[in-house]
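Just so you know, ligand 1 is whichever comes first in the structure, and atom 1 is the first atom listed for that ligand.
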Amino acid sequence: MKLARRALLAAALSLPAFHALAAPLVLGFSQVGAESEWRSANTASIKQAAKEAGITLKFADAQQKQENQVKALRSFIAQKVDVIAFSPVVESGWDTVLKEAKAAGIPVILTDRAVRVADPSLYVTFIGSDFVEEGRKAGRWALERAAKAPGGALNIVELQGTVGSAPALDRKRGFEEIIKANPKLQILRSQSGEFTRAKGKEVMEAFLKARDKKIDLLYAHNDDMAIGAIQAIEEAGLKPGQDIAIVSIDGVRGAFEAMKAGKLNVTIECNPLLGPQLMQLARDVVAKKPVDKRITVTESVFTADVAAQELPKRKY
Ligand code: GYE
């Protein structure tokens with residue numbers, strides 16, 4: 001009897017759930033900031049998923065500054081968290097701090113944005129969207145639009161995301177790769193709007209003031225900048241979505257509302273709801289289970305004609 005009870009107790013102690021209960025896994029997460037609707041949805045998803053998974057989340061907001069992210073990562077290392085995850089604001093400049101994490105034996109997961117490091121073993125895995133493909137999707141839509149335009153030509157202005165960030169670099173590259181098939185599509189101007197509404201509006205105002213050539217199409221690297229630009233276009237007495245066609249990326253609620261109102265033509269989906277997958281990865285990585293080096297998210301393209309029908313189904 002005594003023996004049986006002891007055996008039972010030993011079995012219970014070895015159950016992973018028991019250990020999880022005894023010492024919850026600690027995840028240090030360094031977020032880019034709160035620059036866009038996408039980012040807010042991403043943060044909410046991560047916080048919610050951590051709660052549901054019983055993972056202790058140490059969350060730091062870097063306010064779009066790499067130095068703040070480096071500080072946060074160093075503080076996670078000092079606190080000896082079980083695993084670190086972060087969404088790197090820019091691609092380069094991470095080698096040193098990632099080497100520190102590796103030396104401390106703390107695994108690192110990249111979420112949403114990629115890094116450029118000499119040694120890829122400095123992170124375990126990267127989960128996020130294929131930004132080049134998103135840029136290509138926007139480019140394909142622009143080609144189709146040009147085919148219907150008088151003379152087949154389109155003068156394009158581009159609002160880029162944060163300078164040096166993976167989504168800005170890749171979305172530019174993917175778009176250019178596709179539109180170069182037709183020389184009648186020309187990018188007149190291209191500048192960073194830092195992924196925010198305010199900056200998107202400001203830069204679009206400057207584009208409109210230049211007025212050397214008629215602008216036919218705006219390509220914005222995210223919906224927030226497109227929404228800011230819509231305001232600038234209206235203030236200039238033009239009709240967004242008609243006088244100037246607009247294609248942007250993310251697929252946030254605000255974009256669907258703008259499409260419903262006829263002010264935005266198309267949004268390319270980029271899914272921010274990475275929380276549940278991240279928590280599973282955190283567990284697997286800490287348990288030293290093998291995980292894929294690159295995990296992509298599947299996404300669609302939504303045009304204005306389906307906006308009213310899709311809007312109620314949107315989760316962000
Ligand atoms: O598209 C933008 C945000 O990295 C995918 O960052 C993310 C981008 C997203 O600010 O809205």
Side-chain angles (χ1 to χ4, degrees), residues 29-46 61-66 68-69 85-92 94 109-116 123 126-139 158-175 191-201 203-204 218-230 246-258 264 266-275 277-278 294-302 314-316:
F29 185 83
S30 166
Q31 181 59 293
V32 169
E35 73 282 4
S36 64
E37 254 191 75
W38 190 98
R39 190 63 56 196
S40 309
N42 181 245
T43 294
S45 169
I46 289 164
D61 177 333
Q63 299 180 320
Q64 295 245 62
K65 290 202 180 83
Q66 183 171 32
N68 292 345
Q69 282 201 300
F86 79 116
S87 176
V89 58
V90 290
E91 274 192 348
S92 47
W94 300 104
I109 300 171
L110 303 178
T111 75
D112 154 36
R113 296 184 180 181
V115 295
R116 204 172 289 249
Y123 64 89
F126 163 39
I127 175 173
S129 306
D130 182 342
F131 299 140
V132 179
E133 188 52 31
E134 291 170 353
R136 289 191 193 113
K137 287 176 182 163
E158 178 182 30
L159 283 169
Q160 296 180 39
T162 303
V163 177
S165 70
L169 295 164
D170 292 352
R171 286 171 181 170
K172 181 163 186 51
R173 189 151 58 92
F175 186 79
Q191 204 179 308
S192 174
E194 292 164 16
F195 279 134
T196 68
R197 286 187 191 202
K199 196 73 190 174
K201 177 169 189 262
V203 177
M204 189 68 206
L218 162 67
Y219 168 40
H221 289 187
N222 82 343
D223 293 335
D224 284 77
M225 292 189 294
I227 291 165
I230 284 172
I246 309 175
V247 49
S248 62
I249 300 180
D250 275 355
V252 297
R253 190 167 293 275
F256 280 81
E257 278 157 6
L264 175 73
V266 57
T267 186
I268 314 295
E269 186 179 34
C270 178
N271 186 359
L273 309 178
L274 305 177
Q277 262 177 300
L278 173 60
R294 175 74 171 103
I295 301 165
T296 46
V297 186
T298 43
E299 288 146 349
S300 334
V301 175
F302 295 100
R314 299 305 291 167
K315 295 198 173 67
Y316 58 93

Salt-bridge contact [X]-[Y] (side-chain N to carboxylate O under 4.0 Å):
X: K137; Y: E134; value: no
X: D130; Y: R171; value: no
X: E158; Y: K172; value: yes
X: E37; Y: R197; value: yes

Report task. Decide whether a cation-pi geometry holds between R173 and F175; the criteria are a distance under 6.0 Å from NZ or CZ to the six-membered ring centre and an angle within 45° of the ring axis. Result ->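 No, a cation-pi geometry is absent between R173 and F175.
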
**Report entry** Passing option when C270 is tested against N42, D250, D112 for side-chain contact (heavy atoms from CB on, under 4.5 Å)
**Finding:**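 Going through the options one by one, the only one that passes is D250.
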
Query raised in the report: Under a 4.0 Å heavy-atom cut-off, which residues neighbour ligand 1?
Result: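 Ligand 1 pocket, heavy atoms under 4.0 Å: E35, S36, W38, R39, D112, R113, F131, P167, R171, F195, N222, D250, C270.
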
